[in-house]
Amino acid sequence: MKKIVIRNEEEKDYKKVETLTRKAFYNIYIPGCIEHYLVHIMRSHEDFIKELDFVVEIDDEIIGSIMYTKAKLVDEKGNQKDILTFGPLCIDPQYQRLGYGKQLIEHSFIKAKELGYDVVATFGNPGNYVSCGFKSCQRYNICLEGDVFPTAMLVKELKEGVLDGRKYYYYDSPVMQIDEKEAQKYDERLEEKLEKKVLPCQEEFYILGHLTISD
C-alpha cells in the first residue's frame, strides 16, 4: 500500500516543488509557463501564508503542492473583508486525475478554517473545482472592477452563509501580477531546457479565461 502524506513545504523542498510546478504547467496555458516563477517569488512576499503551503507525498516522493496568499473583498461602501486565494495547485502529470489535488484542497480548507479564514476565491476551470464546493462568483455577487463576473472566477465559503449577498469587488495580492519578462529570464536560467509549444489547450484556456457571465 502506498504511503500518502500531506505536510507543510520545507525549505529543502523548494527546488523540487518549482521543478514539479514547471513540469505540470509547461505548455498547458501558454507556450512555456510562468507558474514556477510565481512559486519562486511568492514565498518571500508579505501576502504569502506559510501555514497553508502544503505538499503531498507518495512513498516520500513529492507529487503535488498547493500554495495560498491573502486576497480581499471590498464592498460598495469600502468595507474590506480579508479572504484567501490559492495557486499554483499542481500535481505531477502521471498522478493527475487520481484525486490527489482534491485531497490537497480539502486538507488546506481544514487548516484555513483553523486560522480563522472563511472564504476562498480562485480562478480556474469550474470542472476542476465544483466537486470541492466552489461556486460561480456571481452566485455570491462577487466581481472584478467594472462589474465583471468571470466564468473562471470561483468562490468557496468555508463558513456557510458568511457571504450575505452584498456586492463585493475582488482583489488578489500584487504578487500575482507577474512580470512575464522576468519569468522568461528565470526560465532560461534553469538547467533543464524544455521546448515551448503551441497547443490547442492554450486556446481553450484563452477562451475560458475571457468568458464572463451576464444576467
Side-chain angles (χ1 to χ4, degrees), residues 8-9 11 13-14 17-18 20-22 24-25 28-30 33-55 64-76 78-90 101 104-105 107-125 128-129 132 134-137 140-159 162-163 167-187 205 208-210:
N8 285 108
E9 184 191 39
E11 188 171 352
D13 306 318
Y14 287 2
V17 169
E18 290 177 27
L20 177 63
T21 304
R22 187 178 186 230
F25 284 99
I28 299 298
Y29 300 136
I30 60 173
C33 74
I34 59 176
E35 285 79 5
H36 57 304
Y37 176 70
L38 176 58
V39 168
H40 181 69
I41 64 174
M42 183 185 291
R43 299 187 188 99
S44 60
H45 195 274
E46 61 181 0
D47 290 333
F48 176 65
I49 304 174
K50 187 175 181 179
E51 295 88 345
L52 297 178
D53 177 17
F54 296 107
V55 297
S65 73
I66 189 170
M67 305 173 80
Y68 278 78
T69 53
K70 298 175 184 177
K72 65 182 179 181
L73 302 176
V74 180
D75 71 14
E76 293 180 291
N79 299 307
Q80 180 175 317
K81 178 177 179 59
D82 295 329
I83 67 167
L84 296 172
T85 187
F86 66 78
L89 164 65
C90 78
L104 265 177
I105 291 172
H107 177 84
S108 68
F109 284 172
I110 293 171
K111 299 302 181 181
K113 289 173 68 175
E114 291 176 356
L115 292 174
Y117 292 98
D118 53 24
V119 175
V120 180
T122 194
F123 287 81
N125 187 327
N128 294 334
Y129 295 110
C132 294
F134 281 92
K135 297 180 180 180
S136 166
C137 61
Y140 294 111
N141 207 17
I142 295 173
C143 61
L144 301 181
E145 288 185 347
D147 296 337
V148 175
F149 294 89
T151 301
M153 184 176 170
L154 308 168
V155 178
K156 162 78 175 181
E157 287 185 319
L158 298 180
K159 180 180 179 182
V162 70
L163 295 170
K167 178 177 282 186
Y168 278 110
Y169 295 92
Y170 171 80
Y171 299 90
D172 57 19
S173 169
V175 75
M176 295 295 183
Q177 308 308 312
I178 301 174
D179 185 326
E180 294 190 10
K181 291 183 179 179
E182 290 301 317
Q184 173 68 20
K185 290 178 183 178
Y186 179 71
D187 189 69
F205 170 74
L208 179 62
H210 289 77

Aromatic ring pairing Y129/F134, orientation class (parallel under 30°, perpendicular over 60°, tilted between): perpendicular
Polar side-chain atom of N79 near backbone of V74 as donor-acceptor pair, under 3.5 Å: no
Spacing of L154 atom CG and Y140 atom OH [to the nearest 0.5 Å]: 10.5 Å
Side-chain heavy-atom pair T69, I49 within 4.5 angstrom cut-off: no
M176 vs M42 side-chain heavy atoms within contact, under 4.5 Å: yes
Minimal non-hydrogen separation, L89 against I66, with atom names: CD1-CB, 3.9 Å
Considering all heavy atoms, the nearest K181-D179 contact: N-OD1, 3.0 Å
Approximate separation, where rounding is to 0.5 Å, of T122 OG1 and D172 CG: 10.0 Å
Close side-chain approach of L144 to M153, heavy-atom, < 4.5 Å: yes
Enclosure of K167 NZ (heavy-atom neighbours >12, cutoff 6.0 Å): yes
Donor-acceptor contact below 3.5 Å, side chain D53 vs main chain M67: no
Side-chain donor-acceptor contact under 3.5 Å, Y186 with E18: yes
Separation between CD of Q80 and OH of Y168, rounded to the nearest 0.5 Å: 10.5 Å
Side chain to side chain contact (heavy atoms under 4.5 Å, CB included) between D118 and K113, intermediate numbers included: CA-CA 6 Å; D118 53 24; K113 289 173 68 175; over 6 Å; no
Minimal non-hydrogen separation, N141 against F149, with atom names: OD1-CZ, 3.7 Å
Side chain proximity check, F25 to C90, heavy atoms < 4.5 angstrom: yes
L52 to N8 - nearest heavy-atom pair and separation: N-ND2, 4.4 Å
Side chains of S173 and D47, donor plus acceptor under 3.5 Å: yes
Check against side chain to side chain contact (heavy atoms under 4.5 Å, CB included), Y169 and C143: CA-CA 5 Å; Y169 295 92; C143 61; 3.5 Å; yes
Pairs where residues 66-76 contributes a residue and the test salt bridge (charged side-chain N to carboxylate O under 4.0 Å, His left out) is met, not counting sequence neighbours: D75-R166
Residue pair Y170 / C137, side-chain heavy-atom distance below 4.5 Å: no
Side chain T85, main chain A121, donor-acceptor under 3.5 Å: yes
E114 atom CD, neighbour heavy-atom count above 12 within 6.0 Å: yes
For the student: nearest non-hydrogen atoms of V39 and P88, plus distance: CG2-CG, 3.7 Å
Full working for salt bridge (Lys or Arg N to Asp or Glu O under 4.0 Å) between E9 and R43: CA-CA 11 Å; E9 184 191 39; R43 299 187 188 99; 2.9 Å; yes
From NZ (K156) to CG (L84), nearest 0.5 Å: 13.0 Å
Chi angles and distances behind the side chain to side chain contact (heavy atoms under 4.5 Å, CB included) call for K111, F54: CA-CA 10 Å; K111 299 302 181 181; F54 296 107; 3.5 Å; yes
Modelled atom types, side-chain donor and acceptor of Y29 and E35, under 3.5 Å: no
Side chain to side chain contact (heavy atoms under 4.5 Å, CB included) assessment of L73 paired with Y171: CA-CA 6 Å; L73 302 176; Y171 299 90; over 6 Å; no
Validation row: S108, Y68 side chains within 4.5 angstrom (heavy atoms): yes
Value rounded to 0.5 Å, distance of CG in N125 from CG in L208: 5.5 Å
Point-to-point distance, once rounded to the nearest 0.5 Å, from CZ of F48 to NE2 of H45: 12.0 Å
E182 side chain near I41 side chain, heavy-atom distance below 4.5 Å: no
Side chain proximity check, H36 to D187, heavy atoms < 4.5 angstrom: yes
Nearest heavy atoms of A183 and I178, plus distance in Å: CB-CG2, 4.2 Å
